Amino acid sequence: MERIKNVKELSNDETLDFYENMFNALADKIRLKILNEINKSPHKNLCVCDLEEKLDLKQSKLSYHLKKLVNANILISEKHGTWNYYRINEEQIQLVLTEDTCCKIF
C-alpha cells in the first residue's frame with residue numbers, strides 16, 4: 001500500500017479500502033503490543049531481536065505481524081547491518097487516528 005498524503009483526495013471506495021486496510025493491520029493484540037514497545041523505546045525504533053525478546057515471540061510469528069504493519073505503512077523498516085529496525089510512521093498514523101475518521105468517512 002502506498003503512503004497516502006490526503007485521504008480526502010481518494011474516491012469513496014478508495015477511502016473505505018484505505019481505512020479497511022489500516023484498521024485490519026491495527027486490529028490485533030500482538031501488533032498493538034509491537035507498536036507500544038516501539039513507542040516506549042528511547043529512540044522510537046526497535047530491532048527485530050529486541051521485539052522477539054520483549055514480546056517473547058518466535059521470529060517467524062513476529063515477521064508475519066511486522067509485515068502486516070509495514071504493508072499498511074504503519075511501520076517503516078530500516079536495515080542496519082544484518083538487522084531490521086522498525087519505527088512508527090507517525091504521518092500515516094495521524095491520517096487514521098483523527099477526529100475525521102469516524103465522522104467524515106461516509
Side-chain angles (χ1 to χ4, degrees):
M1 172 180 236
E2 68 184 73
R3 193 173 297 175
I4 304 293
K5 294 283 186 190
N6 188 352
V7 177
K8 295 173 185 169
E9 295 174 0
L10 300 175
S11 71
N12 284 341
D13 279 346
E14 290 171 329
T15 300
L16 293 173
D17 289 343
F18 169 78
Y19 283 112
E20 177 184 32
N21 185 50
M22 294 298 290
F23 288 126
N24 182 291
L26 292 169
D28 183 272
K29 190 177 198 175
I30 292 173
R31 292 192 285 274
L32 292 174
K33 286 180 179 181
I34 291 169
L35 294 173
N36 185 47
E37 289 298 332
I38 293 170
N39 190 52
K40 290 188 323 188
S41 69
H43 299 290
K44 301 295 184 193
N45 69 2
L46 280 177
C47 173
V48 170
C49 57
D50 295 329
L51 286 167
E52 278 182 287
E53 184 179 317
K54 289 178 180 293
L55 300 174
D56 193 30
L57 287 175
K58 293 183 180 184
Q59 187 173 356
S60 59
K61 188 169 187 174
L62 182 58
S63 292
Y64 166 79
H65 291 290
L66 290 169
K67 183 176 181 183
K68 292 270 286 188
L69 292 167
V70 169
N71 287 345
N73 285 319
I74 294 169
L75 286 183
I76 298 170
S77 173
E78 298 172 345
K79 191 162 185 90
H80 296 277
T82 58
W83 294 104
N84 283 332
Y85 285 77
Y86 294 89
R87 64 182 168 87
I88 297 172
N89 182 352
E90 298 289 340
E91 189 176 302
Q92 189 81 336
I93 290 291
Q94 292 304 315
L95 281 175
V96 176
L97 303 178
T98 66
E99 291 179 22
D100 290 347
T101 303
C102 67
C103 303
K104 296 186 181 178
I105 291 176
F106 305 101

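Here the structure is a predicted model, which is why all the values come from computation and not from measurement. Heavy atoms only: backbone and side chains are in, while hydrogens, waters and symmetry mates are out.
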Mind listing the side-chain donor-acceptor pairs of residues 76-88 below 3.5 Å, one per line with the distance, residues two or more places apart or on another chain?
from  : atom 1 : to    : atom 2 : distance (Å)
Glu78 : OE2    : Arg87 : NE     : 2.9
Glu78 : OE2    : Arg87 : NH2    : 3.3

What's the separation between atom CD1 in Ile38 and atom NZ in Lys40, rounded to the nearest 0.5 Å? 11.5 Å
At what distance, to the nearest 0.5 angstrom, does CG of Asp50 lie from CG of Leu55? 10.5 Å
Is there a continuous path of hydrophobic side-chain contacts, each under 4.5 Å between heavy atoms, that joins Phe23 to Ile93? yes
Does Gln92 reach the side chain of Met22, with side-chain heavy atoms less than 4.5 Å apart? yes
Kindly indicate whether the side chain of Ile34, heavy atoms from C-beta on, has any atom under 4.5 Å from the side chain of Leu62. yes
Lys68 vs Asp28 side-chain heavy atoms within contact, under 4.5 Å: no
dist Asn24:CG -> Glu20:CD (nearest 0.5 Å) comes out at 7.0 Å
Would you indicate whether the side-chain heavy atoms of Ile30 and Lys61 approach each other to under 4.5 Å? yes
If you count every heavy atom of other residues, nucleotides or ligands that lies below 6.0 Å from Lys44 atom NZ, does the total exceed 12? yes
What is the minimum heavy-atom distance between Leu75 and Leu66, and which atoms define it? CD1-CD2, 3.7 Å
Crowding at CD, Glu53 (>12 non-hydrogen neighbours, <6.0 Å): no
Atom pair OG/CD of Ser63 and Glu52 - distance to nearest 0.5 Å: 7.5 Å
Is there a side-chain contact between Leu10 and Asp17, using heavy atoms and a 4.5 Å cut-off? no
Just so I know, are the side chains of Asn73 and Glu91 near enough to count as touching, which here means a heavy-atom distance under 4.5 Å? no
